[in-house]
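A short worksheet on the structure shown next.
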Amino acid sequence: MFFINSNDNTKIAVYELNPNVEKTIVLVHGWPLSHKMFEYQVPALLNANYRIIMIDLRGFGNSDVTYIGYNYNQFATDLYCVIYALNLYNFDLLGFSMGGSIVTRYMKMYQGYGVRKLCLLDAAVPSYCKSSSNPYGQSTKDTNKLIELGLNDRPALNEYFGSIFFYNEQSKPFKEWFQTLNNSASGLGEVNSLVALRDENVFDDLKYLDVPTGIFHGKEDKICPFGMGEIMNKNIRNSILYPFKKAGHGAFYEAKDEVNTSLVQFLNNTTF
């Protein structure tokens with residue numbers, strides 16, 4: 001792990017694996033997780049001979065906790081500062097859930113700087129909450145209740161989030177690990193990012209996505225319903241939708257073999 005300063009001197013934690021190979025992928029986690037969520041993608045990507053760059057968003061994992069800056073524009077700027085500092089070019093970019101919104105905003109703000117292919121994994125795109133562009137999102141009223149719960153009993157919020165995250169029942173040790181991962185977020189980062197999820201919308205950003213885009217989405221996702229994946233597929237040029245049956249928001253784990261195979265095939269497909 002090492003740190004790269006963003007434009008406001010916030011230290012962003014960066015993790016690099018397999019640095020001396022040509023192919024590179026950058027992974028951006030979702031709310032309220034950290035880079036550790038990609039534990040079950042890392043072996044498959046290493047076996048495919050990828051250099052892996054992962055970050056912790058500000059307020060999460062080992063990155064600095066700030067008072068402000070928990071919005072998609074700042075998160076995208078943080079990501080750009082890492083990409084620029086590492087001199088990355090012709091790399092692949094993946095965002096999960098809120099991370100999907102962040103990489104989408106990055107593609108607009110920075111004209112897709114350096115990106116070869118884009119991957120959206122159960123992404124909170126075009127919006128987390130219901131909107132004119134997304135009839136499948138969560139209600140603002142329910143999200144406000146989650147924000148209130150986070151302000152008063154954040155572990156209870158994370159326990160609820162974990163209870164709807166997966167379609168299939170997971171082992172008790174795994175659920176405990178996942179809860180610990182959720183609880184590792186800072187209170188400021190978690191609650192303020194949930195406000196951003198409630199209020200922000202990246203539908204208008206989709207027209208700026210001009211690289212091959214893979215959309216990987218669980219059919220039983222209760223957090224970002226599958227209909228959102230269909231909206232992405234309809235509105236992103238040169239995109240392909242990979243549905244995963246009997247998988248929820250946590251398809252990256254409960255359908256990990258299928259997700260990893262589809263991801264590597266998409267990345268290696270020279271005709272798409």
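Since the structure is predicted, the reported quantities are computational estimates derived from the model, not experimental observations. Index from 1, following the sequence.
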Partner residues of [X] under the side-chain hydrogen bond (donor to acceptor under 3.5 Å, both in side chains) criterion, sequence neighbours left out:
{"X": "His249", "answer": "Ser97, Asp221"}
{"X": "Lys141", "answer": "none"}
{"X": "Asp142", "answer": "Ser139"}

A quick test of your reading: do over 12 heavy atoms of other residues, nucleotides or ligands sit less than 6.0 Å from [atom1] of [X]?
{"X": "Gln170", "atom1": "CD", "result": "yes"}
{"X": "Phe2", "atom1": "CZ", "result": "yes"}
{"X": "Lys207", "atom1": "NZ", "result": "yes"}

In one Ile/Leu/Val/Met/Phe/Trp/Tyr side-chain cluster, 4.5 Å: Val21, Leu263: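 Different clusters.
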If we ignore hydrogens and angles and just use 3.5 Å, is the side chain of [X] paired with the main-chain N or O of [Y] as donor and acceptor?
{"X": "Glu200", "Y": "Asn71", "answer": "no"}
{"X": "Gln179", "Y": "Gly162", "answer": "no"}
{"X": "Asn168", "Y": "Lys246", "answer": "yes"}
{"X": "Ser184", "Y": "Leu181", "answer": "yes"}

Less than 4.0 angstrom from a charged side-chain N to a carboxylate O is my criterion; do [X] and [Y] meet it?
{"X": "Lys175", "Y": "Glu169", "value": "yes"}
{"X": "Arg116", "Y": "Asp92", "value": "yes"}
{"X": "Lys234", "Y": "Glu230", "value": "no"}

Please work out which of the three classes, parallel, tilted or perpendicular, describes the rings of Tyr89 and Tyr113, given edges at 30° and 60°. perpendicular
Value rounded to 0.5 Å, distance of CG in Leu17 from CZ in Arg51: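 Going from CG on Leu17 over to CZ on Arg51, the span is 10.5 Å.
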Using the ring centroid of each side chain, check whether Phe166 and Phe174 are separated by less than 6.0 Å.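 Yes, close enough.
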